[in-house]
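Heads up, the thing below is written out as structure tokens.
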Amino acid sequence: MVVSTGSNKFKAAVFISGTGSNLKYLIKFSKTKKSPISISLIVTNNSKAKGLKFANIYKIKKKILNFRDKKLAEKKILLELKKNKIDIVCLAGFMKILSKSFIKNFKGKILNIHPSLLPKYKGLNTHQRVLDKKEKYSGCTVHYVTSKLDSGKIIIQTQVKINKKDNAKTLAKKILKQEHKLYPKALLKIFSL
Ligand code: GAR
């Protein structure tokens, strides 16, 4: 059973591919009074995504789509977004690149979180590349999604200091902790404008 929020919050869909820790913190945030969003849909390309457990725990509708036929998958997602009257899409560890036409259909309403200080270190394997370049700082960014990978307008960022002892795993962990706070802040920022 899907419980109605009975509120006038903006309706969000969160897209995940894996662990879903950002999803978990977004759900927790969505249940606070100050949150401008409620989460009514979880979308994934990965039927084995660990984060799907949060759909069960919090009784949120989920949609699993096979991206082998990307065009069809996106068509089904768009229908689902419309059916559920979704106002905003939050990509949270969603590892598929959405097509131009999908993004056009939801223009200005798709956000993404990326584990670097964009515009630096777009794409995958971020933490190792940052360490290889001997950067002193890394961080995370919430930005609008455009058809160019990790390149849309930046909403908010947090900086994280890199220690000499950090490796890709410890750095990822430190940054992820900041991501959990940053996504809610980004939503508060865009909806208070
Ligand atoms: C997060 O660090 C997120 O920034 C990253 O994947 C992780 C997902 O963690 N996203 C990207 O790298 C997108 N290019 P989570 O599943 O525990 O939220």
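Counting starts at 1 for both ligands and their atoms, following the listed order. Given the structure is predicted, the values throughout are model-derived calculations rather than measurements.
Taking each of Thr19, Leu182, Leu176, Asn125 in turn, the one with a heavy atom nearest to atom 9 (O) of ligand 1 proves to be Leu176.
Between the side chains of Ser151 and Lys122, a donor-acceptor pair is found at a separation under 3.5 Å. Side-chain contact, Ser21 with His180: a donor N or O sits under 3.5 Å from an acceptor N or O.
Judged by the shortest distance from any of its heavy atoms, Met95 lies inside the 4.0 Å radius around the atoms of ligand 1. Contact between Gly51 and ligand 1 is absent, with no heavy atom of the residue lying under 4.0 Å from the ligand.
Of the candidates Leu91, Asp150, Ile156, Asp150 is the only one forming a side-chain contact (heavy atoms from CB on, under 4.5 Å) with His143.
Looking only at heavy atoms of the protein, atom 14 (N) of ligand 1 is closest to His114 ND1, 3.4 Å. In terms of protein heavy atoms, atom 16 (O) of ligand 1 is closest to Gly20 N, 2.8 Å. Here the protein heavy atom with the shortest distance to atom 15 (P) of ligand 1 is Ser21 N, 3.4 Å. Nearest protein neighbour of atom 6 (O) of ligand 1, counting heavy atoms only, is Gly93 CA, 3.8 Å. In terms of protein heavy atoms, atom 2 (O) of ligand 1 is closest to Glu179 OE2, 2.8 Å. Closest to atom 5 (C) of ligand 1, if we only count protein heavy atoms, is Pro115 CD, 3.9 Å.
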> Given Tyr25 and Tyr183, is the ring-ring contact (aromatic ring centres under 6.0 Å, His included) satisfied, shown in steps?
Replying inline: CA-CA 9 Å; Tyr25 281 88; Tyr183 225 146; over 10 Å; no
>> With side-chain contact (heavy atoms from CB on, under 4.5 Å) as the criterion, how do Ile37 and Ile39 come out once you've worked through the C-alpha distance, each side chain's angles and the decisive distance to 0.1 Å?
In response: CA-CA 7 Å; Ile37 62 144; Ile39 298 174; 4.0 Å; yes
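A cation-pi geometry, defined here as NZ or CZ lying under 6.0 Å from the six-membered ring centre and within 45° of its normal, holds between Lys161 and Tyr137.
Not a single N or O atom of Asn112, backbone or side chain, sits closer than 3.5 Å to an N or O atom of ligand 1.
We find that Lys109 and Asp87 are not joined by a salt bridge, their nearest charged nitrogen and carboxylate oxygen being 4.0 Å or further apart.
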